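Notes follow once the structure below has been shown.
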Amino acid sequence: MKKNIFWIVALLLLAPLCSAANDPLVRLRDETLQFFSPVAGKIDHVEDTMVTFIADVQKNLRPGMRLNILSEGEPFRHPVTHEILGRVETYAGKVEVKEVQGDRVTGVVVEGVAKEGDRVRISETKVRMAFIQDKKMDWYLGDDLYRKLKSSGRIEMLDTGFETGDERAAVAEAKKLGAEVLLLLTAKEADKGTLLREQLFWAADGSRFYDAEVKVDVAFTKDLKFGAEFFTPLSGEAIFRYSLPYNARFVVTGDFDGDGQQEIAVSTGKDIRTYLPAGDLQPLWEMKGATLDDHIWVDTIDMNHNGRDELIITMMRSGRMPEKGADDSLVSSVEPGDVLSVIYELVGSEFKKIGQVNYFLRRVGTSLIGQMYSSSDGFKDDVFTVTWDGGYKRGEKVILPKGTMIYDYVGIEGPEKEQALFAYDDKGFLNIYNDRGIRIWRSSTDTGGFITTFKKPAPVSYIDAGEWSIKDRLLTRGKEVLVVYRIPIINMAKGIGYKSSLIKSYWWNGFSMDERAIVEDVPGTLLDYALAGDKIVVLSSPLFGIQFGNIIKGESPLGSTLQIYSVKGR
């Protein structure tokens, strides 16, 4: 323990000495902030839209900066002595710096009008910035730059779940947020590292005024992750918390109406209710399920590439339910206990069914996979890809380690771009398999048990044939994998219930597994979770499924809790 403390203290002492010199993100931060350095001047010449002015400082003046044009109006006087104290300044427009020669600056009026004698100024008020990064960006890099800019005290960050590398879409989002500036961060692979590109745009007209690339080595990213694990404060406090007046089971996020915003869909096990997390939880569209439906998985994906996510519901349906084609002829029938996956799309204000298959479905990254159902073992045959060609079609077999089923795994990438598989086993332990299917790592403990489990049928009642389960959702965030952990009320007695839950992050460094808690101390049982940009949406059930506080208030004690956590800068 003393040895660990020594190294932590040593790292803390050494970090300030070496981080700035070797940190490529410091360069981006410093060059970004130069565009918003306070400066003032007075216009001494105007010709059409071109102006010149003398600046009160020379340092940090650079092309691309935009200053407010302020026209002097009537004087204001001391109420007793009537001495002139100054003049009222009114906003007249903006001028963009084009050329700097010492303290003499040439600029062009990009908004409003200017005249000789007008003042120009960048004030010390915070700059409203929309920080948008591409979906392919490494979260640690983006979040580190975000923190560096925010901690400068010069930037007011306007958070958004919007992720894109498309300039037009990003500018449109920045305008919608009311931002002055858009920072767009993208990346591409480079030799033993990442080439990080930062672009700055004025949101008002989409004009780009800064474009720079920095090389980020693999070693730097690894050190960044290590530092985040040890020195970033972790908090279990949700930024929003909503009490749902019903018991829920699944939560997913998706852009169902194509407006660029992520909506939340909650499954009760039979019905779907959707919300917009805007201030209070705003109800949107609702879809009623059949009495015989029992949802066992919910997902979202835009398979037909129309800009709107489909809603995918996999259910266990009891009873014989014939399905009719367009000509009213029977095209399939669902036997008792069969599995059915139905795909819906929002049309107007209603979810319409656009597809149906008789097997499990699941989203993995940007792909859709499937597997057949067995009434005796739960899953049967191989996992396969599912494609869209005017309908949902079975594709090729997915090569997986023996015993790995559809809900068990997610692909990961090591620091040298090596591919591996991160997967649950039937006992709830975590495993990593290399590209040859050989297990190279296993967790020392299990994750606490799964919620959706089924008993396997036995030939006689006194024989326990075991069970099969739908594993918890595995989501990727950059190169991390997020995993749910549940802590039983009594150790080794998981059937009684869970006193708390958490979400852990795992990152494979090529030799060992780095792990840390992303969301801690979720009260009760964490049922499901979803990612929405820099937010994690968590659905949980209180201890014993009862919200005791509601009893005191005279409200229904039954229901679930929806919590939203920010992981920006984490």
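None of the values given here were measured: they were computed from a predicted structure. These numbers come from the heavy atoms of this one structure, side chains and all, not from hydrogens, waters or symmetry mates. Numbering of residues begins at 1 and proceeds along the displayed sequence.
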**Prompt:** Just one of Leu475, Val252, Val522, Thr253 clears the side chain to side chain contact (heavy atoms under 4.5 Å, CB included) bar with Tyr529, so which one?
**Reply:** Leu475
**Item:** Arg486 (side chain) donor-acceptor with Thr447 (main chain) under 3.5 angstrom
**Value:** no
**Prompt:** Are Lys479 and Asp514 ion-paired here, with the side-chain N under 4.0 Å from a carboxylate O?
**Reply:** no
**Prompt:** Within the distance-only criterion (no hydrogens, no angle test), does the side chain of Ser560 pair as donor or acceptor with the backbone N or O of Ala248 below 3.5 angstrom?
**Reply:** yes
**Asked** Donor-acceptor pair, Asp528 side chain versus Val251 backbone, under 3.5 Å?
**Response** yes
**Asked** How far apart are the C-alpha atoms of Lys148 and Asp23, what are their side-chain angles, what is the distance that settles it, and do they pass the salt bridge (charged side-chain N to carboxylate O under 4.0 Å, His left out) test?
**Response** CA-CA 11 Å; Lys148 283 178 166 64; Asp23 190 341; 2.9 Å; yes
**Row check, Trp297 ring normal vs Arg473 NZ/CZ: under 6.0 Å, within 45°** = yes
**Request:** Take Glu480 and Ser505 through the side chain to side chain donor-acceptor pair (under 3.5 Å) test and state the conclusion after the steps.
**Result:** CA-CA 6 Å; Glu480 298 175 285; Ser505 156; 2.3 Å; yes
**Request:** Take atom CD of Gln419 as the centre, draw a 6.0 Å sphere, and report whether it contains more than 12 heavy atoms from other residues, nucleotides or ligands.
**Result:** yes
**Asked** Can you check whether Asp255's main-chain N or O pairs, donor with acceptor, with Asp309's side chain at less than 3.5 Å?
**Response** yes
**Item:** Option among Lys94, Arg121, Arg119 that satisfies the side chain to side chain donor-acceptor pair (under 3.5 Å) test with Asn68
**Value:** Lys94
**Asked** Within the distance-only criterion (no hydrogens, no angle test), does the side chain of Asp48 pair as donor or acceptor with the backbone N or O of Met50 below 3.5 angstrom?
**Response** no
**Item:** Salt bridge Asp205-Arg66, side-chain N to carboxylate O under 4.0 Å
**Value:** yes
**Request:** Determine, for Asp302 against Arg308, whether the closest basic-nitrogen to carboxylate-oxygen distance falls under 4.0 angstrom.
**Result:** no
**Message:** What I want to find out is whether Arg27 reaches Glu198 closely enough, with some N-O distance under 4.0 Å, to be called a salt bridge.
**Reply:** no
**Prompt:** So, the side chain of Ser500 versus the backbone of Ile487: is there a donor-acceptor pair under 3.5 Å, distance only?
**Reply:** no
**Item:** Sidechain N-carboxylate O distance under 4.0 Å for Arg477, Asp143
**Value:** yes
**Message:** Treating Ser501 as the side-chain partner and Gly524 as the backbone partner, does any N or O pair qualify as donor plus acceptor under 3.5 Å?
**Reply:** yes
**Request:** Output yes when a side-chain donor or acceptor of Gln133 lies under 3.5 Å from a complementary backbone atom of Leu185, and no otherwise.
**Result:** no
**Asked** Which word best sums up how the rings of Phe36 and Trp202 line up, parallel for under 30°, tilted for 30 to 60°, or perpendicular for over 60°?
**Response** perpendicular
**Item:** Minimum side-chain heavy-atom gap Phe209-Phe35 below 4.5 Å
**Value:** yes
